[in-house]
Structures are given as C-alpha cells and as structure tokens.
Enquirer: 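Here it is, the structure, as structure tokens.
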Amino acid sequence: MADFKTHLTVSSIGSSIAATMLFAAAIASPQEVLLYFIMGVVGGLLPDIDSDSSLTVRLLFTFIATLISFLVMFKQRADNTVIELLIIWAASFIFIKIFIFSLFTKLTVHRGIIHSIPASVAFGCMAAIGLNRVFHFNDFVSWMAGGFVFGGSILHLILDELCGLNFISLKAKKSSGSAFKFGSIKNIKETIAIYMLIAVLFVAMPSHTRFFSVIFTPQTYEHLEFFPNGKWFSWLCAELKKTDIIE
C-alpha cells in the first residue's frame with residue numbers, strides 16, 4: 001500500500017495536469033484552477049480516513065472541525081462578545097475533533113467500504129453539494145470540483161492496487177483487490193448503506209445541465225493544444241525582444 005507522501009505527490013501531479021488542461025481550454029479561471037487542484041489533492045487523501053492512526057484522518061478532521069466551528073460561529077448573534085464567540089468556536093471544535101472523531105474511528109475499518117469506488121462517488125457528491133449549498137459556488141464549478149475529488153480518490157485506489165502487485169514475480173500480494181472495489185460481500189450492510197447514501201446525495205446534487213453540456217461538447221476542446229505548432233514560447237520571445245533583452 002502506498003504511503004501518505006506517495007498519495008500526496010501523485011494526487012498533486014494528477015490534479016495539476018487536469019486543472020491545467022481546463023485552464024488551457026478556457027473552462028476554468030485561475031481561481032477555479034486553484035480550487036480544483038485543492039479538491040483533487042483532498043480527494044487523493046480521503047480513502048485513508050478509515051485508518052485510525054493515519055496522518056490523513058488527523059489532518060482531515062482538524063480541517064473539518066476548524067471549518068465547521070467557524071460556520072457555527074458565523075451563525076451567532078452579532079452582539080456576542082469576543083469571549084463568547086471564542087467559547088462557541090472552541091466547543092464546536094472539541095465536539096467534532098474528539099466526539100465525532102472517536103465515533104468515526106469505531107464505525108470504520110481500514111480498507112473497508114470507505115476504500116472503494118462507491119465511496120469515491122459519495123465523496124465527490126458531498127463536495128459538490130457542500131460547495132454549492134454552503135459556499136454558494138455555481139452549479140458548474142461545484143460539479144467540476146466534485147469531479148476532482150472523485151478523480152483524486154480513484155487515483156488513490158489505483159495506486160494502492162498497483163502497490164499490491166509484485167512486478168518482479170508478477171504475483172498479487174494479499175492486499176490486492178482490497179482497494180479498487182465496488183463493494184464487499186463480507187460487509188454487505190456497509191455496501192448497501194453506501195449505495196443508499198449515493199442515491200440520497202444524487203437527489204441533493206446541484207443541476208448538472210451546464211456541466212454535461214460543456215464537458216461532453218467537442219467544441220469545448222477545439223482550441224486545446226498540447227504542443228506548439230511553431231517555435232516554443234514564441235510569445236515570450238516576442239516580449240523579450242520588445243524590451244531588448246534578446247536580439
């Protein structure tokens with residue numbers, strides 16, 4: 001199984017390439033590119049949240065606890081004092097970081113249903129819904145960000161499966177098949193639950209109309225070029241000539 005550093009590196013590279021392609025195709029603004037990159041990296045770490053002692057789950061719950069604590073604080077009355085707001089923030093943070101974290105670790109098993117393809121779909125849906133409903137991003141950006149979370153999570157599963165192969169002896173290790181899966185007969189209740197969750201999440205998803213019309217339209221990628229037709233960085237050379245840096 002790949003370690004945290006490997007998953008972080010691969011998800012960062014994959015997200016960078018995908019986000020750059022969207023920028024080159026004029027589908028994403030610089031701010032959106034940054035958002036998609038972050039979502040892809042987060043997605044690439046999410047499958048390991050079922051490991052109680054992993055760095056991923058500790059960082060993720062710290063981030064979630066901090067974010068939700070601020071949202072709770074923002075909902076309070078404007079006449080609250082600084083101390084009252086800090087107490088509310090701290091109480092929310094401690095509740096999520098300690099109580100919810102402990103409950104989550106008891107309910108999940110490493111390489112269980114969280115480490116699966118349907119869980120990746122659920123992660124992507126939850127990201128899209130959260131960005132749309134809580135942070136008020138438009139439908140297209142929310143869907144695209146959710147797609148990056150899904151893609152990053154799938155990269156994680158594929159990487160774990162590749163690490164489950166012994167390329168020298170061409171034999172599969174014991175861990176092979178435990179990551180890239182659609183469910184588990186042994187954990188049938190958890191498998192049914194995750195598919196039921198996906199069904200509920202799809203109902204709550206923002207409109208997909210613009211996302212599908214843009215992504216699956218060939219005209220969207222007409223001006224996307226991977227290599228220059230003529231001289232490399234011709235625009236840069238032209239600018240340098242204007243400033244007499246090069247002759």
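Values in this document were obtained by computation on a predicted structure and should not be read as measured data. Just so you know, residue 1 is the first one in the sequence shown, and it goes up from there.
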Enquirer: What residues form a side-chain hydrogen bond (donor to acceptor under 3.5 Å, both in side chains) with Thr217, not counting sequence neighbours?
Expert: none

Enquirer: In Å and rounded to the nearest 0.5 Å, what is the NE2 to CG distance from His7 to Asp160?
Expert: 3.5 Å

Enquirer: Roughly how far, to the nearest 0.5 Å, is the CG atom of Leu86 from the OG1 atom of Thr81?
Expert: 8.5 Å

Enquirer: Check each of Asn80, Leu85, Ile87 against Ile83 using the side-chain contact (heavy atoms from CB on, under 4.5 Å) test, and report the only one that passes.
Expert: Ile87

Enquirer: Under 3.5 Å, which donor-acceptor pairs link side chains of residues 193-205 to any protein atom two or more places apart or in another chain?
Expert:
residue: Tyr195; atom: OH; partner: Phe182; partner atom: O; Å: 2.7

Enquirer: According to a 4.5 Å side-chain heavy-atom criterion applied to Ile, Leu, Val, Met, Phe, Trp and Tyr, with indirect links allowed, do Leu35 and Val33 form part of one hydrophobic cluster?
Expert: no

Enquirer: Quick check for you: to the nearest 0.5 Å, what is the distance between Ile88 atom CD1 and Ser69 atom OG?
Expert: 11.0 Å

Enquirer: Could you check if a side-chain atom of Ile117 sits within less than 4.5 angstrom of a side-chain atom of Ile154, using non-hydrogen atoms only?
Expert: yes

Enquirer: Once you round to the nearest 0.5 Å, how far does CE of Met144 lie from CG of Leu22?
Expert: 5.0 Å

Enquirer: With sequence neighbours left out, what residues match Ile94 under side chain to side chain contact (heavy atoms under 4.5 Å, CB included)?
Expert: Ile98

Enquirer: Only counting residues at least two apart or in another chain, list the ones meeting ring-ring contact (aromatic ring centres under 6.0 Å, His included) with Phe226.
Expert: none

Enquirer: Sequence neighbours left out, what pairs pass ring-ring contact (aromatic ring centres under 6.0 Å, His included) with at least one residue falling in residues 13-38?
Expert: Tyr36-Phe148

Enquirer: Count I, L, V, M, F, W, Y as connected when their side-chain heavy atoms are under 4.5 Å apart, and connections chain through other members. Are Phe216 and Phe150 then in the same cluster?
Expert: yes

Enquirer: Applying ring-ring contact (aromatic ring centres under 6.0 Å, His included), name anything that partners Phe93, two or more places apart in sequence or on another chain.
Expert: Trp89

Enquirer: Could you grab the distance from atom CG of Asn138 to atom CG of Leu131, nearest 0.5 Å is fine?
Expert: 10.5 Å

Enquirer: Is a side-chain N or O of Ser15 found less than 3.5 angstrom from the main chain of Ser12, in a donor-acceptor match?
Expert: no

Enquirer: Could you note down all residue pairs passing salt bridge (Lys or Arg N to Asp or Glu O under 4.0 Å) where residues 79-95 supplies at least one of them, sequence neighbours left out?
Expert: Arg77-Asp79

Enquirer: Has His156 got a side-chain atom pairing as donor or acceptor with Leu45's backbone, closer than 3.5 angstrom?
Expert: no

Enquirer: Going by side-chain hydrogen bond (donor to acceptor under 3.5 Å, both in side chains), name the residues that satisfy it together with Gln76, two or more places apart in sequence or in a different chain.
Expert: none

Enquirer: Can a donor-acceptor pair be found, under 3.5 Å and without considering hydrogens, that links the side chain of Glu161 to the backbone of Phe180?
Expert: yes

Enquirer: Using the side-chain hydrogen bond (donor to acceptor under 3.5 Å, both in side chains) criterion, which residues pair with Thr62? Sequence neighbours excluded.
Expert: Lys97

Enquirer: What donor-acceptor contacts under 3.5 angstrom involve side-chain atoms of residues 208-215, with partners at least two apart or in another chain?
Expert:
residue: Thr209; atom: OG1; partner: Ser207; partner atom: OG; Å: 3.2
residue: Ser213; atom: OG; partner: Thr209; partner atom: O; Å: 3.1
residue: Ser213; atom: OG; partner: Arg210; partner atom: O; Å: 2.8

Enquirer: What's the spacing between Met39 CE and Leu34 CG if we round to 0.5 Å?
Expert: 9.5 Å

Enquirer: Under a single-linkage definition using a 4.5 Å side-chain heavy-atom cutoff for Ile, Leu, Val, Met, Phe, Trp and Tyr, are Ile13 and Ile38 assigned to the same hydrophobic cluster?
Expert: yes

Enquirer: Sequence neighbours left out, what pairs pass side-chain hydrogen bond (donor to acceptor under 3.5 Å, both in side chains) with at least one residue falling in residues 120-135?
Expert: Ser120-Ser153, Asn132-Asp139

Enquirer: Which residues pass the side-chain hydrogen bond (donor to acceptor under 3.5 Å, both in side chains) test with Thr66, sequence neighbours left out?
Expert: none

